Amino acid sequence: MLLYYNAFNGESMQILLIHSDYLEYEITSKTKIAEEIEDSLKQGRMEDCLSVFIAVEEGDDDSVIENTIHEITEVSKSVKTKKIFLYPYAHLSKELAPPNVAIKILKDLESKLILNFEVKRSPFGYYKAFKISCKGHPLSELSRSIKSQEKGEIVSEALKAEEKIKSSWYILDTNVNLVPQEKFDFKDYDGLRKLTEYEVTHSRKVDMIPPHVEYMRNLELVDYEKGSDPGNLRWYPKGILIKRLLENSVTDSILHYGGMEVETPIMYSITHPMLSKYLNRFPARQYIVKSGNDDYFLRFAACFGQYLMKHDMIISYKDLPLRLYELTRYSFRREQRGELVGLRRLRAFTMPDMHTLAPNMEYAKREFIEQFKLSMKWMQEIGIEYEVAIRFVKSFYEENKDFVDTLMSLIKKPILVEMWDERPFYFVMKFEFNFVDSMNKASALSTVQIDIENTERFEIKYFDEDGKEKYPLMLHASISGAIERNLYALLETAFLESKKGKKPMLPTWLSPTQVRILPVGEEQLDYSLKVLDELDKAEIRADIDDRDLRLGKKIRDAEKDWIPYIIVVGDDEIKNSILNIRSREDSSQKNITINEFIKSFKELVKGKPTRPLPLPKRLSVRASFR
RNA sequence: GCCCUGGUAGCUUAGUGGUAUAGUGCCUGCUUGGUAAGCAGGAGAUCGCGGGUUCAAUCCCCGCCCAGGGCUCCA
């Protein structure tokens with residue numbers, strides 16, 4: 001099994017630090033476990049250095065390296081030296097690591113320390129004569145135990161491989177020329193410039209709480225939940241309304257496209273042979289759940305359940321393309337603590353996940369293009385601006401340039417391209433639609449990938465015309481990307497608009513309260529309730545501010561709630577059977593009849609799903625969630 | 001996960017080695033009003049959690065938790 005746990009308490013690397021006037025050594029003889037060395041390493045001397053004697057213990061792994069560097073750095077600061085002498089010294093421990101592990105850790109340590117220090121290392125596995133002179137001041141002799149990571153964590157091979165993979169960055173211009181990223185003129189492409197900077201150089205200069213985090217909490221949509229693991233949120237009624245509308249909307253579009261909706265378990269056995277192999281080809285960290293004595297991992301997408309389902313299916317070439325779809329509530333990824341932010345990066349998130357089987361690459365490409373279009377349509381429907389990134393294995397690009405032409409003819413703007421020398425994951429190509437937020441951070445929403453290895457791994461087969469069983473190709477698609485991330489993009493978009501001087505708001509079809517009725521005083525309440533009833537019958541989410549407050553106050557509260565339409569009901573309106581309506585979008589006021597309003601409103605939200613308001617309609621009896 | 005910064009009523013926040021402001025929200029009463037905040041009174045805080053130093057800790061020290069930023073990473 002390729003998975004590994006680095007963990008378990010107890011093991012630690014032992015180090016002894018001595019601030020020395022000098023340390024010198026000379027090899028006397030070789031042991032069986034000696035590393036190969038050059039002659040220059042047979043003796044050595046360093047002056048005014050921090051001598052670091054090290055014993056790598058059983059169970060130590062890479063995770064001790066950073067901690068050791070940290071310790072050495074701290075001590076070197078306090079004794080004010082930039083010279084480090086690493087000296088393997090087995091006698092510090094009774095439970096030594098295997099020699100190959102120890103050598104690797106020592107070398108890694110050396111190569112990382114060398115970035116900030118002058119470093120010498122004596123060779124591993126030799127008897128050596130050495131002389132040392134200890135400075136003798138209070139801080140000059142220190143010993144430390146460096147622990148491995150304490151908690152069990154599974155790091156997939158793909159995650160580790162990703163660190164090593166070489167990629168090149170280009171911009172595909174509108175003439176479908178591949179321009180090296182640094183040579184492209186970004187003048188008219190600010191969003192793409194930000195995406196590229198983010199992806200290539202990772203440079204950003206920001207120092208503020210992300211606007212969407214303030215919004216999500218202040219609007220009583222979503223909040224942090226201290227009682228859970230970080231990155232698992234609590235959703236209030238208004239938030240869940242928006243979430244459900246987005247979910248229903250994307251599910252509808254996928255069902256119309258031809259996805260067959262299924263539901264699969266959220267946890268799978270860690271020892272299942274097919275699954276554990278796949279875990280290692282996916283760049284994510286997992287949650288582990290115990291059931292009795294068995295370990296299960298929480299799914300990070302709908303892949304597992306759908307693969308296992310497809311494995312058992314009997315599929316003819318006539319049935320292709322075959323698309324299984326699930327809205328994963330939830331997908332779990334145990335992201336690093338420091339990566340989690342608001343709605344942008346979570347440990348539990350909702351994602352529509354569709355897997356399409358295609359008999360060959362031509363077919364797969366055709367599907368890819370259709371799903372690319374479907375994603376474009378989604379982004380357009382929720383009104384989010386995005387930048388396109390495509391990632392290829394180099395050889396795939398060389399063989400499929402025409403395919404790229406087609407994508408460009410659809411998107412008609414420059415695209416960021418990442419090209420891999422070799423294939424780090426299970427896919428040869430993917431696209432993403434990236435949203436760039438108010439802090440110039442980019443994150444992926446829609447994505448489709450062409451997978452060339454998993455049908456074989458999971459023994460997913462179809463019967464071809466010739467009656468033989470074959471492995472199809474498979475596309476992974478998340479048409480909208482994570483639903484939470486869609487809301488993040490909507491809120492950040494609202495913030496970006498507000499910076500331009502517009503009032504921040506959500507699209508009307510997603511606004512929890514779409515219309516608020518404000519009776520000027522108590523005498524208008526009965527009439528106002530009738531108006532509310534009419535709107536309710538028309539399936540418009542309306543509520544009424546029947547609290548004993550001044551009108552100005554009620555208006556202010558409605559504005560703070562980003563309500564798209566405010567209706568004020570006073571004696572004049574009642575007398576003339578007319579509604580006074582203020583629109584948030586353009587701050588205009590209109591006097592129209594209720595039927596006119598309903599008609600224009602329905603026109604505006606045509607084709608969009610709707611749900612009732614999940615809160616009391618009278619504000620006077622509505623509790624606040626925070 | 002590591003590094004940096006922060007955590008004081010529901011929310012926003014002032015402040016201090018001798019347990020603490022204010023605004024807002026909430027409750028009560030008064031008021032009745034036209035497009036972003038009427039008036040008054042009241043309740044509301046183990047100052048994130050645990051330990052240490054001290055006669056005394058919300059404040060100083062250590063550990064932890066949570067959040068934001070950086071590294072890293074992605075739906």
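Chain letters run A, B, ... following the sequence lines, proteins first and then strands; every chain starts at 1. These numbers come from a predicted model, not from an experiment.
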K.L.:
Taking atom P in both B:G6 and B:G48, compute the distance separating them and give it to the nearest angstrom.
P.N.:
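The answer is 14 Å between these two P atoms.
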
K.L.:
Taking the P atom in each of B:G29 and B:A37, what is the distance between them to the nearest angstrom?
P.N.:
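Straight-line distance between the two P atoms is 26 Å.
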
K.L.:
Between B:U46 and B:U8, how many Å separate the two P atoms, rounded to a whole number?
P.N.:
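Straight-line distance between the two P atoms is 12 Å.
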
K.L.:
What parts of residues 572-581 of chain A reach RNA chain B, counting only heavy atoms under 4.0 Å away?
P.N.:
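A:D572, A:E573, A:N580, in order of number.
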
K.L.:
Locate the shortest heavy-atom distance separating A:L298 from A:Q286; write the atom from each residue and the value.
P.N.:
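For A:L298 versus A:Q286, the nearest heavy atoms are O-CG, 4.2 Å.
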
K.L.:
side-chain contact (heavy atoms from CB on, under 4.5 Å) between A:E585 and A:Y565: does it pass, once the steps are laid out?
P.N.:
CA-CA 9 Å; A:E585 174 99 55; A:Y565 295 98; over 6 Å; no

K.L.:
For A:K554 and A:R516, what are the C-alpha separation, side-chain angles and deciding distance, and is it a side-chain contact (heavy atoms from CB on, under 4.5 Å)?
P.N.:
CA-CA 10 Å; A:K554 294 183 190 179; A:R516 175 157 300 162; over 6 Å; no

K.L.:
Quick one, which residues of residues 381-392 of chain A touch RNA chain B with a heavy atom under 4.0 Å?
P.N.:
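Those residues: none at all.
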
K.L.:
Under 4.0 Å, heavy atoms only, any strand: does A:G552 hit a base, just the sugar-phosphate, or nothing?
P.N.:
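Since only primed, P, OP1 and OP2 atoms lie under 4.0 Å of A:G552, the category is sugar-phosphate.
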
K.L.:
How close or far is atom P of B:A75 from atom CE of A:M354, stated in whole angstroms?
P.N.:
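After rounding, the reported distance stands at 16 Å.
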
K.L.:
Counting only heavy atoms not in A:K503, do more than 12 fall under 6.0 Å of its NZ?
P.N.:
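Result for NZ/A:K503: enclosed.
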
K.L.:
Under the salt bridge (charged side-chain N to carboxylate O under 4.0 Å, His left out) criterion, do A:R347 and A:E335 qualify, and how do the steps go?
P.N.:
CA-CA 6 Å; A:R347 283 185 174 172; A:E335 305 295 3; over 6 Å; no

K.L.:
Expressed in angstrom and rounded to an integer, what is the separation of A:Q524 atom CD from B:G33 atom C1'?
P.N.:
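So the CD-C1' distance, A:Q524 to B:G33, works out to 9 Å.
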
K.L.:
Between A:R217 and A:S443, who's closer to the 5' end of RNA chain B by nearest nucleotide?
P.N.:
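Closest to the 5' end, via its nearest nucleotide, is A:R217.
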
K.L.:
Nearest whole angstrom, please: distance from the P of B:A37 to the CZ of A:R556.
P.N.:
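Value for this atom pair: 7 Å.
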
K.L.:
On a whole-Å scale, what distance lies between the P atoms belonging to B:C74 and B:U12?
P.N.:
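Here B:C74 and B:U12 have their P atoms 32 Å from each other.
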
K.L.:
Is A:R334 near enough to B:G1 that one of its side-chain N or O atoms lies under 4.0 angstrom from OP1 or OP2?
P.N.:
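Yes, such a contact exists.
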
K.L.:
Give me the distance, rounded to whole Å, that separates B:A14 from B:U24 when you measure between the C1' atoms they each carry.
P.N.:
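To the nearest whole Å, 15 Å.
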
K.L.:
Rounded to the nearest 0.5 Å, how far does CD1 of A:I411 lie from NZ of A:K373?
P.N.:
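A:K373 NZ to A:I411 CD1: 12.0 Å, rounded to 0.5 Å.
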
K.L.:
Which whole-number value in Å describes the distance from A:R345 CZ to B:A75 C1'?
P.N.:
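In whole Å, B:A75 C1' lies 9 Å from A:R345 CZ.
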
K.L.:
Between B:G44 and B:G10, how far apart are the two P atoms, rounded to whole Å?
P.N.:
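Straight-line distance between the two P atoms is 12 Å.
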
K.L.:
Mind checking whether A:F332 and A:Y287 have parallel, tilted or perpendicular rings, split at 30° and 60°?
P.N.:
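Ring orientation of A:F332 relative to A:Y287: perpendicular.
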
K.L.:
Indicate the atoms forming the closest heavy-atom contact of A:L195 with A:E387, along with that distance.
P.N.:
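It is CD2-CB, 3.7 Å.
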
K.L.:
Who are the side chain to side chain contact (heavy atoms under 4.5 Å, CB included) partners of A:K430, not counting sequence neighbours?
P.N.:
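Testing A:K430 for side chain to side chain contact (heavy atoms under 4.5 Å, CB included), a comparison that skips the adjacent residues, returns A:R391, A:F427, A:E432, A:T447, A:Q449.
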
K.L.:
Which whole number of Å gives the distance between the P atom of B:G25 and that of B:A40?
P.N.:
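Pairwise P distance, B:G25 against B:A40, rounds to 13 Å.
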
K.L.:
Does a side chain donor of either A:E326 or A:T264 reach within less than 3.5 Å of an acceptor in the other side chain?
P.N.:
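Yes, because at least one side-chain N or O of A:E326 sits under 3.5 Å from a partner of the opposite role on A:T264.
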
K.L.:
Can you measure A:I209 atom CD1 to B:G69 atom P for me and round it to whole angstrom units?
P.N.:
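For the pair A:I209 CD1 and B:G69 P, the rounded distance is 8 Å.
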
K.L.:
By nearest heavy atom, map A:A444 and A:L340 onto RNA chain B; which one lands nearer the 5' end?
P.N.:
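On the 5' side of the pair lies A:L340.
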
K.L.:
Rounded to the Å, how far apart are A:R333 CZ and B:C74 C1'?
P.N.:
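In whole Å, B:C74 C1' lies 7 Å from A:R333 CZ.
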
K.L.:
So that I know where these two stand, are A:F368 and A:F431 an aromatic pair - ring centroids less than 6.0 Å apart?
P.N.:
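Ring-ring flag for A:F368/A:F431: true, centres closer than 6.0 Å.
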
K.L.:
Please give, in whole Å, the distance from B:A37 P to A:I555 CD1?
P.N.:
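Checked: the CD1 to P distance equals 9 Å.
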
K.L.:
Testing the 3.5 Å rule here: is there a donor-acceptor pair between the side chains of A:D543 and A:T513?
P.N.:
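On atom types as modelled, these side chains qualify, holding a pair under 3.5 Å.
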
K.L.:
Please measure how far the P atom in B:C66 lies from the corresponding atom in B:C49, and state the result in whole Å.
P.N.:
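Here B:C66 and B:C49 have their P atoms 15 Å from each other.
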
K.L.:
Looking at A:A558 and A:I566, what are the two nearest heavy atoms and their distance?
P.N.:
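Scanning both residues, the minimum pair turns out to be CB-CD1, 3.7 Å.
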
K.L.:
Among residues two or more places apart or on two chains, list those pairs meeting salt bridge (Lys or Arg N to Asp or Glu O under 4.0 Å) that have a residue in residues 518-527 of chain A.
P.N.:
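Output for this query is empty, none listed.
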
K.L.:
Could I get the full list of salt bridge (Lys or Arg N to Asp or Glu O under 4.0 Å) partners for A:E225, not counting sequence neighbours?
P.N.:
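Residues passing salt bridge (Lys or Arg N to Asp or Glu O under 4.0 Å) with A:E225: A:R234.
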
K.L.:
What pairs of nitrogen or oxygen atoms, one from the protein and one from nucleotides 24-30 of chain B, lie under 3.5 Å apart?
P.N.:
from	atom 1	to	atom 2	distance (Å)
B:G25	OP1	A:K553	NZ	2.6

K.L.:
Taking salt bridge (Lys or Arg N to Asp or Glu O under 4.0 Å) as the definition, give me every residue that meets it alongside A:D572, ordered by chain and number, with sequence neighbours left out.
P.N.:
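Applying salt bridge (Lys or Arg N to Asp or Glu O under 4.0 Å) to A:D572 gives none.
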
K.L.:
Answer yes if the side chains of A:N440 and A:E197 hold a donor-acceptor pair under 3.5 Å, and no otherwise.
P.N.:
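Distance-only check fails for A:N440 and A:E197.
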
K.L.:
Kindly list each side-chain donor-acceptor pair under 3.5 angstrom involving residues 486-495 of chain A, sequence neighbours excluded, with atom names and distances?
P.N.:
from	atom 1	to	atom 2	distance (Å)
A:N486	OD1	A:W378	NE1	2.9
A:N486	ND2	A:S480	O	2.8
A:N486	ND2	A:A482	O	2.7
A:Y488	OH	A:D437	OD2	2.9
A:Y488	OH	A:S443	OG	3.4
A:E492	OE1	A:S438	N	3.1
A:E492	OE1	A:S438	OG	2.6
A:E492	OE2	A:H212	N	3.0
A:E492	OE2	A:H212	ND1	3.1
A:T493	OG1	A:A489	O	2.6

K.L.:
Using a heavy-atom cut-off of 4.0 Å across all strands, would you classify A:T447 as base, sugar-phosphate, or nothing?
P.N.:
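Counting heavy atoms under 4.0 Å across all strands, the contact made by A:T447 is with sugar-phosphate only.
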
K.L.:
Would you call A:R626 and A:E220 a salt bridge, taking side-chain N to carboxylate O under 4.0 Å as the test?
P.N.:
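Between A:E220 and A:R626 there is no salt bridge, as every charged N stays at least 4.0 Å from the carboxylate O atoms.
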
K.L.:
Examine A:R323 relative to A:Y257 and say whether NZ or CZ is less than 6.0 Å from the centre of the six-membered ring and inside a 45° cone about the ring axis.
P.N.:
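Judged by the rule, A:R323 and A:Y257 form a cation-pi pair.
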
K.L.:
How is A:E432 classified with respect to the nucleic acid when contacts are heavy atoms under 4.0 Å: base, sugar-phosphate, or nothing?
P.N.:
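Result for A:E432 = nothing.
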
K.L.:
For Watson-Crick and G-U wobble pairs within 3.5 Å on both distances, what is RNA chain B written in dot-bracket notation, | included for inter-strand pairing?
P.N.:
(((((((..(((.....[...))).(((((.......))))).....(((((..]....))))))))))))....

K.L.:
Could you tell me which residues satisfy ring-ring contact (aromatic ring centres under 6.0 Å, His included) with A:W562, sequence neighbours excluded, listed by chain and number?
P.N.:
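If we apply the ring-ring contact (aromatic ring centres under 6.0 Å, His included) test to A:W562, skipping adjacent residues, the hits are A:Y215.
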
K.L.:
So if I take residues 220-234 of chain A and measure heavy-atom distances to RNA chain B, which residues fall below 4.0 Å?
P.N.:
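Close to the strand are A:Y224, A:K226, A:P230.
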
K.L.:
Check the interface with nucleotides 39-44 of chain B: list each N/O to N/O pair with the protein under 3.5 Å, or write none.
P.N.:
none

K.L.:
So, under a plain 3.5 Å distance rule, would you say the side chain of A:R485 forms a donor-acceptor pair with the base of B:C74?
P.N.:
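Answer yes: a donor N or O sits under 3.5 Å from an acceptor.
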
K.L.:
Nearest whole angstrom, please: distance from the C1' of B:U35 to the CG of A:D545.
P.N.:
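Roughly 13 Å, once rounded to whole Å.
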
